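These notes concern the structure reproduced below.
What you are looking at is a predicted structure, and each value in this text was computed from that prediction instead of being measured.
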Amino acid sequence: MINNKEEQNMQKIVLLATLVITVLHISAQTKAEEIKSPIVSEQDADYYATQTVLWRDIARSNPKDEQAWKNYFRAAWYKKWYNQADTTANDVLREMEQTIPGSYIYNYACYRKYMGLDECHLYAQAAMKQLPETMDQHDYNIWFCYAAQMGDEENMERIAKRYYNSGLYSPYVLQYNYNELQGMEENGIYIGNGDAILVPKWMMQYAKGLHRDKAIVCMSFLVLKHYREYLFKKLGVEMPEFKEAKTQADYDENVFRAVEALRKGTGRPTYFSTFNGIEINKPWEDKLYNEGLTLKYSDKPYDNFKVKRKNAEECYLMEYLIESFSPNKWDSGNRLNANYVVMLSDLLEYYKENNIKRYKWLHRILTKSLDNCDIEEERKQRYKELIK
């Protein structure tokens, strides 16, 4: 049950959910640029449209340049996010089939096109055998996620170690996810969606050996039979029957059934990501308690505010928000840093009345966190209202 300060916190979470996904960099581009994952740099529709044309010209003038084809396809792929009727990505695939058939980039692109369908596995398995010696963040991300949904822990570990050792992953995103795990009880289950809150947790487990007792569950993967079979077997829980999904409501019901079966069947402490959003967490909202950066399920009321204070004071490592020695280049890193303000600002009122030293400590951390965030000034000011 969301009580006392919880309703205020959940309103803050809604605010963040609105802000966190909509930050775009709008700028006129005149030269071809590497097309990065939106968790690194999210752009607007015009950007992707312009980059599609620029990379198209480069790819056509250098037909064997696989990197050009990769960026051409990625730009077209993200352009479709803003217009589902856009067919440019399909056109790019047809061109690639004529110029670089059977290549890593071709198999990569076909996997993206058929993701979620049976055909995708043929291309994914072919691409996994062709992984280049040098990969970018997007390559690592997509193949790690494929291994995760297949329950292929051997490749999860292999790719996670390569990914971590490459130095490509944002230390800010890793640090935030580490703190989420730090605030969970032993053997807890974390249930969420989104690359920036799942991949780094898996990376820490498989590349660093940290928090291996925790079970990280991707909600969107629960619609996949092979993922469910792997997960339920690993956690020692009998898998419930699922109805044939024909509508979004069917899919939602199956996910709800899966989560409930895992929660009840394991008896483990269960935590939901604040980034799931109100609608996704809605079936459990009356029994979710804010413990800082995560929401814990509990059938019985308890003093979650006390746990929240303990997490902030003893479990979370937040000094990196004050001073860091690596640039925060990822959009998702900036958003996660801002989320500390959303999730922890209600502690300031308590500390101001009961522990002025702690008040100064936390206020400094949250203020510096915002000062160091590369987000729009208007949005930054809205966050600052929370820590006045």
Side-chain angles (χ1 to χ4, degrees), residues 111 115-118 120-121 124-125 128 140-161 163 177-178 180-181 184-245 248-277 280-284 287-288 294-297:
Y111 169 70
M115 192 183 295
L117 302 176
D118 290 340
C120 79
H121 300 296
Q125 290 163 12
M128 291 278 277
Y140 281 117
N141 216 65
I142 195 167
W143 301 125
F144 182 86
C145 287
Y146 178 73
Q149 70 170 258
M150 298 302 294
D152 181 357
E153 294 196 36
E154 182 178 345
N155 270 318
M156 287 177 73
E157 183 169 348
R158 178 171 70 95
I159 296 172
K161 287 180 176 178
Y163 199 177
N177 281 270
Y178 176 76
E180 281 195 302
L181 292 172
M184 293 171 57
E185 291 183 29
E186 187 176 350
N187 294 316
I189 297 177
Y190 182 92
I191 298 172
N193 267 331
D195 292 355
I197 60 165
L198 295 176
V199 173
K201 290 182 177 68
W202 279 320
M203 280 182 63
M204 281 184 279
Q205 290 183 325
Y206 287 93
K208 296 284 289 179
L210 299 172
H211 290 287
R212 290 297 294 259
D213 60 298
K214 313 294 193 304
I216 312 303
V217 177
C218 177
M219 292 185 83
S220 60
F221 286 177
L222 288 170
V223 304
L224 304 172
K225 184 180 179 182
H226 47 262
Y227 178 73
R228 292 198 304 268
E229 290 175 343
Y230 151 74
L231 184 64
F232 277 78
K233 181 179 180 180
K234 180 177 181 178
L235 296 180
V237 177
E238 183 178 352
M239 190 168 68
E241 292 185 9
F242 295 91
K243 66 162 61 175
E244 181 183 356
Q248 185 60 47
D250 293 337
Y251 282 106
D252 292 343
E253 184 178 342
N254 283 343
V255 169
F256 171 77
R257 252 184 223 164
V259 171
E260 281 296 278
L262 291 171
R263 184 183 66 78
K264 294 178 180 178
T266 63
R268 294 187 179 195
T270 304
Y271 299 80
F272 290 76
S273 169
T274 63
F275 290 99
N276 291 343
I280 293 176
N281 286 341
K282 192 174 182 63
W284 303 275
K287 295 184 177 181
L288 294 184
T294 56
L295 305 173
K296 183 184 178 184
Y297 180 96

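Side-chain atoms of Asn281 never come within 3.5 Å of backbone atoms of Thr274 as a donor-acceptor pair (strictly under, hydrogens ignored). No donor-acceptor distance shorter than 3.5 angstrom exists from the side chain of Asp213 to the backbone of Gly188, with no hydrogens or angles considered. Using modelled atom types, one side-chain atom of Tyr271 and one backbone atom of Glu185 make a donor-acceptor pair closer than 3.5 Å. A donor-acceptor pair under 3.5 Å links the side-chain atoms of Thr270 to the main chain of Arg268, judged by distance alone.
Judged by distance alone, the side chains of Tyr146 and His121 do bring a donor and an acceptor atom under 3.5 Å apart.
When the shell of 6.0 Å around OH of Tyr251 is examined, it contains 12 or fewer heavy atoms from other residues, nucleotides or ligands.
The closest side-chain heavy-atom distance from Tyr297 to Ile191 is not below 4.5 Å. Side-chain contact between Leu295 and Trp284 is absent, with no heavy-atom pair separated by less than 4.5 Å.
Taking the charged nitrogens against the carboxylate oxygens, Glu253 and Arg257 do have a contact shorter than 4.0 Å, which makes a salt bridge. Comment: Glu157 engages Lys161 in a salt bridge, judged by a side-chain N to carboxylate O separation of less than 4.0 angstrom.
From Ile216, atom CD1 reaches atom CD of Gln205 across 4.5 Å, with rounding to the nearest 0.5 Å.
A cation-pi arrangement is present between Arg212 and Tyr206, with the terminal nitrogen or guanidinium carbon under 6.0 Å from the aromatic centre and inside a 45° cone about the axis.
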Exercise. May I have the step-by-step check of ring-ring contact (aromatic ring centres under 6.0 Å, His included) for Trp143 and Tyr111, ending in yes or no?
Key: CA-CA 10 Å; Trp143 301 125; Tyr111 169 70; 5.1 Å; yes
